[in-house]
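First comes the structure, then the notes that go with it.
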Amino acid sequence: MEALFGRNKEENPEPIKAEVQGEIPSWLQGILLRNGPGMHTIGESKYNHWFDGLALLHSFTFKNGEVYYRSKYLRSDTYTCNIEANRIVVSEFGTMAYPDPCKNIFAKAFCYLSHTIPEFTDNCLINIMRNGDDYYATSEVNFIRKINPQTLETLEKVDYTKYVAVNLATSHPHYDSAGNVLNMGTSIVDKGKTKYVIFKIPPSVPETEKKKKKSCLKYLEVMCAIPSRSLLHPSYYHSFGVTENYIVFIEQPFKLDILKLATAYIRGVNWASCLVFHKDDKSWIHLIDKKTKKEVSTKFYTDAMVVFHHVNAYEEDGHVVFDIISYTDNSLYQMFYLKNLNNEFQNHAKLTAIPVCKRFVVPLQCDKDAEVGSNLVKLPSTTATALKEKEGNVYCQPEILCEGIELPRINYDYNAKKYRYIFAAEVRWSPVPTKIVKFDTGTKKMLHWEEEHCWPAEPAFVTSPNAKEEDDGIILSSIVSSDPKKLPFLLILDAKTLKEVARATVNVEMHLDLHGLFITEKDLKTEQEKDLKTQQEKDLDTEHE
């Protein structure tokens, strides 16, 4: 297990040609770009949690039936500080870094005080975000790092707080048809209030401003701010949903204790200990109208749950339908402390709550004359209910679609639209994926791919040219093995049948990744043209000097 979780992985900055078995579709041209933790030991110090490891980007480039692999550590400020000090000096979510023991008492006191309101790490290890022609490594704090998707070079550091008042932000943004990035973050005790801020980043700067070389982020627009139900206990969230006209946000009772966060450093505990699940509380469902930028006034809620991933959301006959993966506790995070990831992990690590894929249906118009206790859902295709209560609140109970899946992905052309297929990893009672699955939300049937000793990553769907059906395309997933004799490979599956089309094996020690995206050759050309244009502008500036 240490080889997969705890051991530092070597980077491979130069492309390595993979050995291809099968035939890669001729139309598949571009880059699968992925992100995840790759270094967990620095000098004599070790991170406590797998999610804390230093970000290692890796990519698979498809060109004319061939596949090339490369990997490179994100050169964040966190990476640089840690490597120069040869120990962990920047705190992560599950690991608190402390002052040099050789410092005098005054220097130590200053360090403690400076952590009262923590400066978060820029170790952006969770996902990749696209904004127009630019790509960023992201995590869940206010920093993102621009990267070159072809060379994996780390570029400038961006601080959201310079553009919008958020201390935390999701690493699962959405993209609308105009290319805008939609995201949300938490503003902690800003002007005496804690709120959830939904914002939009345009894909390009206005034509009149292009000569000024400004960032798209300078034109960020705050769409809506939702007050937290508790000033000092905002909800944790990893993702959210969007439909054509609404944004779906679940304020779950998995909460961050701000006072504990502010005193974590001086108390000698990590930030993760400041997250508490309140199993007897409600989960509140917020619908925000994109046009009016206001929240729907009816209060919708469901039972306590922990949600990391939204699958999709859409509108149908006066209802908002949204699918999520939920848990009845927060045991998933606890599983990935490195002390638990020993050789017996695969046999003994058992989740106390398995992930369940649930469908909620929320009526947009609530009949004021409807009887208390009546079901306001009028869609015949679902068993989900929304029960009217005396106070005017609506209690939503979901339809269970399936169990045991995580890291859900869809054909993103169907995002915010009525859809049918979920591609995911099967996890069941163990937090480690063992299968890739395709779930049909209509028929409730499931297809599987599995191979002995293989751990698949999040499946990425790539649409085939001239696609006519939702599942016309392929699935890409990087596969590592618990068998040290088996080399890692990129798996290519037919999205209709989940049958193997090809695999590209690489003789490297590949790390387990978290999330990422596929960049088409067309979009990469834009990147090349942009680099050329930037160089031309630099040359002109030099000539003028």
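- The two residues Asn82 and Val89 have their closest heavy-atom pair at OD1-N, 2.8 Å.
- Residues Gln21 and Phe489 are not in side-chain contact: their nearest non-hydrogen atoms beyond the backbone lie 4.5 Å or more apart.
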Pair Ser139-Ser171, side chain to side chain contact (heavy atoms under 4.5 Å, CB included): steps then yes or no: CA-CA 5 Å; Ser139 61; Ser171 59; 5.7 Å; no
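- Side-chain atoms of Arg130 come within 3.5 Å of backbone atoms of Gly132 as a donor-acceptor pair (strictly under, hydrogens ignored).
- Remark: side-chain polar atoms of Asn8 are not paired, donor with acceptor, to backbone N or O of Met39 under 3.5 angstrom.
- Between Tyr333 and Trp50 there is no side-chain heavy-atom pair separated by less than 4.5 Å.
- Within the 3.5 Å criterion, the main-chain N or O of Glu44 finds no donor-acceptor partner in the side chain of Lys46.
- For the residue pair Asn183 and Thr170, a side-chain donor N or O sits within less than 3.5 Å of a side-chain acceptor on the partner.
- No donor-acceptor pair closer than 3.5 Å links the side chain of Thr302 to the backbone N or O of Ser283.
- Both tests pass for Lys157 against the ring of Phe143: distance under 6.0 Å to the centre and angle within 45° of the axis.
- Between the side chain of Lys72 and the main chain of Glu153, no donor-acceptor pair closer than 3.5 Å is present.
- Between Tyr327 and Thr352 the shortest side-chain heavy-atom distance does not fall below 4.5 Å.
- The nearest pair of heavy atoms linking Ile188 to Asn167 is N-OD1, 2.7 Å.
- Aromatic pair Phe93/Phe51: ring centres not closer than 6.0 Å.
- In this structure, the side chain of Ser477 engages the main chain of Ala457 through a donor-acceptor pair within 3.5 Å.
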Could you please spell out the steps behind the side chain to side chain contact (heavy atoms under 4.5 Å, CB included) verdict for Leu491 and Glu451? CA-CA 11 Å; Leu491 179 66; Glu451 190 168 297; over 6 Å; no
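- Nearest heavy atoms, Ala137 versus Cys124: O-CB, 3.3 Å.
- Side chain of Asn148 to main chain of Leu155: no donor-acceptor pair is present (N/O by atom type, distance under 3.5 Å, no hydrogens or angles).
- For an aromatic pair to be called close, the ring centres must be under 6.0 Å apart, and Phe322 with Phe360 satisfies this.
- When each of Asp77, Asp134, Asp159 is tested with Arg145 by the rule salt bridge (Lys or Arg N to Asp or Glu O under 4.0 Å), just one qualifies, namely Asp77.
- To the nearest 0.5 Å, the span separating CG on Asn123 from SG on Cys81 amounts to 11.5 Å.
- Below 30°, between 30° and 60°, or above 60°: for His511 and His58 the angle between ring planes is between 30° and 60°, a tilted geometry.
- In this structure, the side chain of Asn142 does not engage the main chain of Tyr160 through any donor-acceptor pair within 3.5 Å.
- Judged by distance alone, the side chains of Glu92 and His49 never bring a donor and an acceptor atom under 3.5 Å apart.
- A distance of 8.5 Å separates NZ of Lys218 from NZ of Lys162, quoted to the nearest 0.5 Å.
- Smallest separation of non-hydrogen atoms from Leu401 and Phe439: O-CZ, 3.2 Å.
- Taking all atoms of both residues into account, the shortest heavy-atom contact from Tyr73 to Thr154 is O-OG1, 4.2 Å.
- Close placement of the His309 and His515 rings is indicated, their centers lying within 6.0 Å of each other.
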Chi angles and distances behind the side chain to side chain contact (heavy atoms under 4.5 Å, CB included) call for Phe62, Leu32: CA-CA 8 Å; Phe62 301 87; Leu32 176 66; 4.2 Å; yes
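- Within the 4.5 Å cutoff, the side chain of Asp52 has no heavy atoms near those of the Ile88 side chain.
- Judged by distance alone, the side chain of Ser76 and the main-chain N or O of Tyr79 form a donor-acceptor pair under 3.5 Å.
- Side-chain contact check for Met446 versus Ile405: some heavy-atom pair is nearer than 4.5 Å.
- Between Phe60 and Leu476 the shortest side-chain heavy-atom distance does not fall below 4.5 Å.
- If you take CZ on Arg70 and CD1 on Ile16, they are separated by 10.0 Å, rounding to the nearest 0.5 Å.
- Between the side chains of Asp523 and Tyr135, no donor-acceptor pair of N or O atoms lies under 3.5 Å.
- Contact annotation: the side chain of Ile410 never approaches that of Pro408 to less than 4.5 Å [non-hydrogen atoms, C-beta and beyond].
- Counting only heavy atoms from C-beta outward, the side chains of Lys255 and Val276 never approach each other to under 4.5 Å.
- The distance from atom CD of Glu452 to atom OG of Ser482, rounded to the nearest 0.5 Å, is 8.5 Å.
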Run the numbers on Asn270 and Thr95 for side-chain hydrogen bond (donor to acceptor under 3.5 Å, both in side chains), then give the verdict. CA-CA 6 Å; Asn270 61 30; Thr95 307; over 6 Å; no
Can you check side-chain hydrogen bond (donor to acceptor under 3.5 Å, both in side chains) on His174 and Tyr412, steps first, answer last? CA-CA 10 Å; His174 284 279; Tyr412 203 78; 3.1 Å; yes
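- How far NZ of Lys195 is from OG of Ser187: 5.0 Å, rounded to the nearest 0.5 Å.
- Within 6.0 Å of the CD atom in Glu66, the count of heavy atoms belonging to other residues, nucleotides or ligands exceeds 12.
- Side chain of Thr520 to backbone of Gly30: no donor-acceptor contact under 3.5 angstrom is found.
- Residues Val181 and Pro173 approach most closely at CG1-CB, 3.7 Å, considering heavy atoms.
- Distance check: Trp455 CH2 to Thr434 OG1 gives 10.0 Å after rounding to the nearest 0.5 Å.
- Remark: aromatic rings of Tyr163 and Phe199 are distant, center separation not under 6.0 Å.
- With Trp271 as reference, Phe120 is the one residue of Tyr265, Tyr236, Phe120 to meet the ring pair (Phe, Tyr, Trp, His ring centres under 6.0 Å) rule.
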For a side chain to side chain contact (heavy atoms under 4.5 Å, CB included) check, start with the C-alpha distance between Tyr237 and Thr186, then their side-chain angles and the critical distance, and finish with the verdict. CA-CA 9 Å; Tyr237 51 99; Thr186 302; 2.8 Å; yes
Evaluate the criterion salt bridge (Lys or Arg N to Asp or Glu O under 4.0 Å) for residue pair Arg34 and Glu458; output intermediate values, then yes/no. CA-CA 10 Å; Arg34 307 287 301 172; Glu458 169 194 64; 2.9 Å; yes
